[in-house]
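Working notes for the structure below.
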Amino acid sequence: MPPGPERSASRPDEPPRKPVQSRTPLTAQALVDRADVTPHTPEAETVLRIFHRRRQEHAAFYVAETRDLATLWSEEDEGDEKALHALAASVGMRAKLHRGEDRLRDAHVAVTDLPACFGRVESGALPVEWFEWLIRSVLHLTAYQRRQVDERVAAWQLESIDVERFYRELHTLVVWFGRAAVQESPQEQRSVSLASSPDSDGTACLMIRGPIPEITAFGQRLDAAARAVQDAQRHALETGAPIPFDLDGDASREGRHLSLAALQYAIAVRSQLDTGAVEVPDPAFRISVVVPVLTLLGRSNAPATLDGTIPIPPRMARELVAKAPAFERVLTDPVSGDHLPSASRTYRPSAAMAENLRLIDPVCAVPGCTRNVMTVGEMDHIEEFDLENPARGGPTSVENLHRICRTHHRMKTAGLLDPERDETTGTTRWRILGAAVCDVAANTDLVTRELGGRLREAWQRYADDLEFEALTRTGFFDEARAEDADRDEAYRWGCHLIDHYSRPEHDEADDPGPPPLPPPPGHEPPPY
């Protein structure tokens, strides 16, 4: 068969211009039918309201915001300028920095490379969610290829086709170009990333990505090492020799060798890293586990934190502290969280200040930045320290210090970021290249409100126990018990007299007096 007219219009190096149409237009009745609700009911009216709101108000808001964001992007901008514009965008959206970076990039792609489809969004024909998926799908294509996709998708009958048809046709169109032509090579994708569990169950995942031959060879070496150690453990258990690589003593306690999975993990995370002749310096800071004191004492199940950001279960925190050869107590004001020691007159903060700052700013203090600075961040004077005349410049105190990442520290030194801290409230006002201003409150929540309430309750119980012990020691309760016994005995004797003299057979002329009072219950003499 000869090719159709829509295919003959494409050049050999271009994707086919396949028409994507719906068999029926998307009317209100068709929309209600697709939603599988009964027409002219409250449910049907709700579906139509949602449809029209997203087609008009939602689309108009998205288009306006995207155009604004696109003005912050320029191909001529250098790295720092782009980073600052992304920071300004994230501040405006009240989002994290990586979200600002993504939206800035997406806005540039939408306005520059996908103008026709962006126009269909504005008209309400192309839903915002579909358009965002389109952007993500073409990020690996060249600008010329994106414009080809834009031209073809904008010609589709977008106002009527369903979502499954759109995703399927878009996938087919994008795959036509061949992602390998513009995708990074396996060598360029070498990376190591760390991600903590979203369940906050005390686990994390270390992902190593790279060319498959290298990763496969590493896996085979790790497996061979684990099998060799397992054989050595099996032999040691049979002969009574010391068990190799039994780092936690599990093999000795259970009398059997460790599993291959356990050995692979132990070898991977506890072996020395070989860097050849390059000497690796000791870390500037320890791995820090912050444990609330009530959790440590078993009076609360509030989670601890690893490096200030990763929550870990209380039981794991107690085990880590029990195994630690020493731990450090950081003294802070119980209400404000302020560091108690006074300011230093030297440029370099003290070790106690550094530890306190790591708790206050475990993440870069720049608004929106999510980089963890517990280990690789830098301490920075908000008001610059005067090396020639320390009394004239900003002091070296926790109130005038924060921890920020190296990138933003360099930007602050260059004058692109300008923080100013309010001495009364502790709030820091950030000015970002004149494009945005953001106020960030001081982090004083080193003891949460829940823990603070429990701490007050525990302290009150402690004070009550001290008072009770003091009263017991002075014999207060002994005297009180004796007085109570005398009062009870007098009451019993009075009741006994009333009972004796109110009897009908009582004779006043010949009254021998009341009989002796029987002993109270529990005080009877022994039956012998």
Side-chain angles (χ1 to χ4, degrees), residues 98 102 136-137 139-140 171 174-175 178-239 241-289 305-307 309-313 315-317 319-320 323 370-372 374-376:
H98 67 82
D102 291 347
R136 288 193 294 272
S137 299
L139 287 179
H140 291 293
H171 177 74
V174 172
V175 169
R179 285 174 174 261
V182 291
Q183 193 175 21
E184 294 178 324
S185 68
Q187 288 75 18
E188 293 172 330
Q189 296 184 65
R190 291 185 179 119
S191 64
V192 178
S193 59
L194 174 66
S196 58
S197 169
D199 300 327
S200 299
D201 57 358
T203 63
C205 176
L206 184 70
M207 179 178 293
I208 304 176
R209 180 172 183 155
I212 191 169
E214 296 176 0
I215 300 300
T216 301
F218 172 72
Q220 291 174 347
R221 291 197 305 273
L222 188 60
D223 180 70
R227 292 182 183 277
V229 172
Q230 191 181 67
D231 290 341
Q233 286 188 345
R234 187 183 293 111
H235 178 73
L237 288 167
E238 293 172 353
T239 61
I243 303 175
F245 233 89
D246 189 17
L247 302 180
D248 293 323
D250 294 336
S252 300
R253 281 192 301 271
E254 299 177 7
R256 62 187 305 273
H257 60 75
L258 300 182
S259 67
L260 285 175
L263 287 171
Q264 288 170 346
Y265 176 84
I267 293 171
V269 302
R270 302 197 184 187
S271 296
Q272 277 193 324
L273 300 179
D274 183 10
T275 55
V278 178
E279 183 178 352
V280 180
D282 292 333
F285 289 104
R286 304 175 295 266
I287 292 178
S288 176
V289 179
T305 55
L306 177 69
D307 279 349
T309 57
I310 306 171
I312 60 176
R315 181 178 178 182
M316 176 183 288
E319 292 175 353
L320 289 172
K323 294 178 181 179
T370 58
R371 296 186 183 96
N372 190 301
M374 289 290 282
T375 54
V376 297

For D246, the side-chain hydrogen bond (donor to acceptor under 3.5 Å, both in side chains) test, sequence neighbours excluded, returns S252
Under the side-chain hydrogen bond (donor to acceptor under 3.5 Å, both in side chains) test, which residues partner Q230, sequence neighbours left out?
H257
H98 NE2 to D102 CG distance, which is reported to the nearest 0.5 Å:
7.5 Å
Find the distance between OG (S191) and CD1 (I208) and round it off to the nearest 0.5 Å.
9.5 Å
S259 side chain reached by Q264 side chain, heavy atoms, under 4.5 Å:
no
How long is the span from the CD atom in Q233 to the CG atom in L258, to the nearest 0.5 Å?
4.5 Å
Thinking salt bridges, do R227 and D223 make one under a 4.0 Å N-O criterion?
yes
Which atom pair, heavy atoms only, marks the closest approach of P244 to A232?
CG-CB, 3.7 Å
